[in-house]
Amino acid sequence: MKTATDQAPAKRSRAAAAAAGAGTAAGQAKAHDVVLQVRDLAVDIRTHRGTVRAVNSVAFEARAGETLALLGESGCGKSMTAKALAGIMDPVCDLADGEIILNGTDLAALSPKERLKFAGPELGIVFQDALTALNPVYTVGTQLGEAFRIHRGLNAKEARVEAIDLMKRVGIPEPESRINSYPHQFSGGMRQRILIAMAVALNPRLLIADEPTTALDVTVQAQIMQLLRKLREEGQMAVILITHDLAVVAEEADSVAVMYAGNVVESGPVSQVFADPRHPYTKGLLESVPAHLERGAQLKSIAGSPPELHDIPDGCVYQSRCPLVQDICRAERPALRPVAGTPVAGNSGAPGNAGTGNPVAGTPVNIPSGKEPRPARTAACHFSEEINNV
Amino acid sequence: MKSSLTEGSTPEQLPVAHEQQNERKDGKQDGKQDGKLSLFRLLLRDRFATVSALILVFIGLTALVGPSLMGDLATKQNLLFANKAPFTLAYGWEYFLGSDSLGRSMLARLVVASRTTLSVALPAVAVALFVGSLWGVWAGYHRGWRENVSMRIADVIMSFPSLLLAVVVLYVFSPSAANIVLILALTRIPIYLRTARAESAELQSRTFVDAARTFGAKPNAIIVRHVIPVVLPTLLTLATLEFCYVMLAESSLSFLGIGIQPPDVSWGLMVSQGRQYLQSAWWLSIFPGVAIVVTTIAANVLAAWLRIATDPAQRWRLALPRKRLIARIPAKEAKP
Amino acid sequence: MSEPLLKIDGLTKTFHVAKSASGNTRLKALDGISLTVGRGKTLGLVGESGCGKSTLARTLMMLESPDEGTVSFEGTNPFGLRGKELLSWRRRVQMVFQDPFASLNARMNAGDIIAEPWATHRGLYPTSREREARVRELLHMVGLRPSDARKSPQEFSGGQRQRIGIARALALNPDVIILDEPVSALDLSVQAQVLNLLNELQKELGVSYIFISHDLTVVRHVADRVAVMYLGRIIETGATEEVFDHPRHPYTAALMSASPKLDVSGTKRDRIVLQGELPSPLDPPSGCRFRTRCWKAQDICAEVSPEPQVLAAPDGTKHVAECHFPLDSIKGLTGATAAATAGAAATATAAAAVPAQ
């Protein structure tokens with residue numbers, strides 16, 4: 001696991017400079033600029049059975065005006081990743097490694113106090129269950145105005161005006177009268193809009209949405225997704241959408257990172273990944289979805305279940321369920337490397353790596369931040385070329 | 001289903017691979033096979049709970065076999081040795097804790113009194129537990145008028161100052177041990193009644209109870225099979241706490257003179273009898289007082305441990321290693 | 001067509017609530033529900049929260065008793081039965097619940113959970129040896145191991161718990177199993193396993209399913225016929241393909257449209273996004289319940305409640321919808337979307353549906 005230690009001092013001074021300027025209103029990013037870059041992210045959890053690694057070597061990037069989906073089933077570590085990004089992990093979790101570079105600042109290197117300055121202006125987060133995420137004893141107006149009072153120093157009256165504005169932005173009808181209502185007086189869909197409003201109050205560059213529509217009805221889900229798209233356009237935000245629903249990813253996301261047992265196993269543009277998956281897990285997931293099969297036909301399902309965090313094997317994390325598994329998979333964990341035959345952006349490795357399927361252990365995907373073309377397709381499998389022979 | 005390790009959730013929410021279930025070393029929480037044994041081991045992990053349990057066991061044994069060992073030491077009066085100070089063996093081992101105004105051995109009296117105190121407190125708790133729980137579970141399961149009437153009766157009993165009620169009753173009828181037990185039990189029934197009713201009312205709407213109804217199971221069968229096993233741990237924990245209260249209540253009654261009557265002796269009575277000698281012979285009241293306090297604290301600590309240990313969803317807390325709970329973001333320089 | 005196994009006619013159930021904003025204390029959870037289920041077939045029941053599908057499930061399981069209407073199970077009305085007859089009827093309809101964690105008592109082990117129904121129906125497997133053997137058989141049938149009988153629910157994953165629930169439902173050899181969102185709480189890969197299991201069991205045992213779900217892709221895969229519920233009424237019924245591809249009721253069209261599709265061909269599809277909120281069941285709109293969100297609503301929709309109409313279906317199956325202006329069967333879903341996106345404003349109250357892209 002490599003960390004760019006020689007770059008650390010330079011990064012720290014940049015971090016200090018950026019932190020100083022973080023309090024001012026963030027300007028809009030240009031479309032497709034990289035807003036967030038995550039490298040080698042690792043999270044440990046201290047349990048009574050020892051320390052387990054819940055998130056391991058996770059790397060992805062989020063671009064302005066685009067949606068990145070973190071796709072995976074329960075226990076894969078996607079929610080833990082989101083919490084690590086937002087800095088709201090439980091006390092028993094430690095950020096063991098990694099860089100979280102948001103507009104040039106490495107969030108992982110900041111102290112908790114400095115980190116707080118980022119919450120709101122730079123980064124907003126929307127949770128799954130709106131009823132528990134909202135404080136039941138404060139009115140909606142108070143909670144919406146909180147961001148303005150804390151970060152912009154407005155008084156209660158000014159904050160209220162902003163709050164009404166915010167409610168209009170997210171499509172809550174009659175905001176002037178409803179601003180004094182309590183969360184339980186709203187329907188599920190409305191509550192989710194309030195949560196979204198709180199997250200986008202200060203026009204953050206990055207919005208993390210953790211399963212925002214899982215608890216909602218299908219028609220309400222469509223409304224909320226439409227709202228998220230609108231807000232993303234308006235603010236040129238980068239959106240990270242965490243979900244287990246493949247169809248939602250297909251319709252809403254531009255790029256996807258598929259997670260399994262704490263690792264990213266495949267990533268790239270959604271249309272490419274879903275049309276031509278290069279990791280057996282992604283392929284298995286896509287085949288589990290009931291498509292227009294003849295009724296009565298058996299669905300192709302992935303046998304077994306994900307490993308417990310204590311029992312994640314050395315070598316490839318998917319080995320216990322993979323139809324392509326060989327000895328090398330058990331011996332050596334494949335790194336997330338570019339997939340052959342796809343456009344690659346600024347890879348430090350020799351073209352030979354991308355062209356053949358030869359495993360080169362430990363080669364990190366080193367994409368310089370800034371202005372670069374479409375995201376690369378990567379997969380963590382020794383046999384990503386032979387996938388379609390299954 | 002997200003998996004997130006918050007304070008309230010357990011590692012059980014992480015999915016289990018079927019293949020890896022063969023090997024279950026000290027495994028996931030406590031397998032059913034290990035039921036009782038692992039409860040014991042859990043107890044040993046917690047030093048305070050272990051000590052408390054030992055204290056209670058010791059007191060129980062004292063109450064059981066102590067009086068027969070003491071013989072008539074507790075009643076033998078010897079005015080030569082009246083009001084002797086404790087912590088000296090000069091007068092013989094039986095006067096190690098001092099003697100009272102009639103020259104009776106404090107040690108012996110404490111031992112005999114333990115039996116009396118416990119033989120009032122334990123039956124009172126048992127009766128209240130039995131009656132209150134069954135009544136509460138029945139009322140909570142059926143809801144409707146049964147629940148309402150039961151709760152109003154409970155309200156009435158609870159609104160009487162229990163000590164006053166005890167005083168009146170014991171004054172009218174004779175203050176025998178049996179009467180004391182009954183009146184203490186009666187005043188404590190509402191505690192169990194309310195708790196059992198509340199839990200039962202919540203349980204009866206749970207899905208697994210609905211499932212049982214769909215087979216056509218009768219209410220009593222459902223209560224016995226589903227409600228009582230779930231409610232019982234809470235009630236037992238409650239009973240442990242109630243034990244303290246009842247002991248103190250009995251002590252108060254004896255202190256007031258309407259509890260245990262001489263020549264019988266209980267800790268509360270001993271405290272009362274030593275009242276006028278507090279300046280001169282402090283040990284007459286203090287030792288029985290300490291005995292009450294120690295028993296009460298031990299029972300409280302054990303009750304707190306029991307509350308967590310008997311809840312399968314919370315048991316993991318007792319098995320956590322005691323480490324720092326505040327996360328630090330590790331300094332980057334420390335990385336290799 | 002063979003005699004249906006289960007026939008429901010005009011089922012109505014009203015709850016009395018303590019208070020409501022409008023002062024109305026009667027909640028009509030079910031309003032004249034009529035359905036049939038064939039032997040060995042699967043009926044899919046779709047609808048969003050508050051539509052009454054859970055109440056319908058509970059009423060069929062006789063956890064609630066209906067105020068009006070009849071249920072006929074092979075000619076018998078179970079609500080008229082008492083005592084032993086009622087008990088033996090209960091064996092014929094069983095239920096699998098949504099939450100695999102809450103539906104099993106955490107203090108019992110798997111074997112006891114599966115065997116619990118036999119404690120009430122003692123005649124089925126009188127000796128404990130028979131019971132143990134049957135438990136092993138059921139565990140095997142649902143893809144678990146005999147050694148799992150001694151484990152407690154916490155030691156299983158969500159999918160495995162759901163299998164235990166299915167085994168328990170099978171314990172009494174029922175004819176009909178009502179499945180209330182059986183795979184909603186499960187991961188995708190586990191979902192596929194459980195759906196396959198249900199499929200096999202239906203083929204092997206000939207049991208009928210009433211499959212309640214909000215996930216349309218799943219319903220499409222498992223159901224032979226589907227019924228769509230909205231605010232206590234069934235607004236459309238028909239063969240699955242018919243209803244999904246050619247919905248006749250605007251709400252069905254909106255549902256089909258709102259449901260995200262796994263399609264990466266890159267063509268952005270137009271979507272009907274309903275405006276407005278679900279009306280409170282305590283205070284349903286007069287006339288047609290859907291009119292407040294419907295882009296086709298006219299004055300008559302507020303005055304007269306539409307009756308179920310039998311509509312012609314190209315494959316000959318029965319297709320019923322309750323609408324004064326059912327959607328065109330030829331244009332199907334795309335036509336409906338086009339009509340909705342044309343932005344026809346409803347003459348009734350709320351705003352019209354708005355296109356997604």
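Just so we're on the same page: letters track the sequence lines, and every chain starts at 1.
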Give the intermediate values and the outcome of side chain to side chain contact (heavy atoms under 4.5 Å, CB included) for residues C:His221 and A:Leu299. CA-CA 9 Å; C:His221 181 76; A:Leu299 294 164; 3.6 Å; yes
So C:Asn196 and A:Ser301, side chain to side chain contact (heavy atoms under 4.5 Å, CB included) or not? Walk me through it. CA-CA 8 Å; C:Asn196 286 343; A:Ser301 67; 4.1 Å; yes
My understanding is that only one of A:Val248, A:Leu246, A:Asp245 makes a side chain to side chain contact (heavy atoms under 4.5 Å, CB included) with C:Leu262; could you say which? A:Leu246
Let me see the working for C:Arg293 and A:Thr219 under side chain to side chain contact (heavy atoms under 4.5 Å, CB included), right down to the final yes or no. CA-CA 11 Å; C:Arg293 306 167 85 190; A:Thr219 48; 4.1 Å; yes
Got C:Glu48 and A:Val218 here, is their nearest side-chain heavy-atom distance under 4.5 Å? yes
Could you tell me which portion of C:Leu255 (side chain, backbone, both or neither) has an atom closer than 4.5 angstrom to a non-hydrogen atom of chain A? both
Please report the interatomic distance NE2(A:His244) to CG(C:Leu188), rounded to the nearest 0.5 Å. 8.0 Å
For A:Gln221, is it the side chain, the backbone, both or neither that has a heavy atom under 4.5 Å from a heavy atom of chain C? side chain
Check whether A:Glu73 reaches the backbone of C:Ser189 with its side chain - one donor and one acceptor, N or O, closer than 3.5 Å. yes
Would you say A:Asp217's side chain and C:Ser49's backbone share a donor-acceptor pair under 3.5 angstrom? yes
Decide whether C:Gln191 and A:Ser288 meet the rule of one side-chain donor and one side-chain acceptor closer than 3.5 Å. no
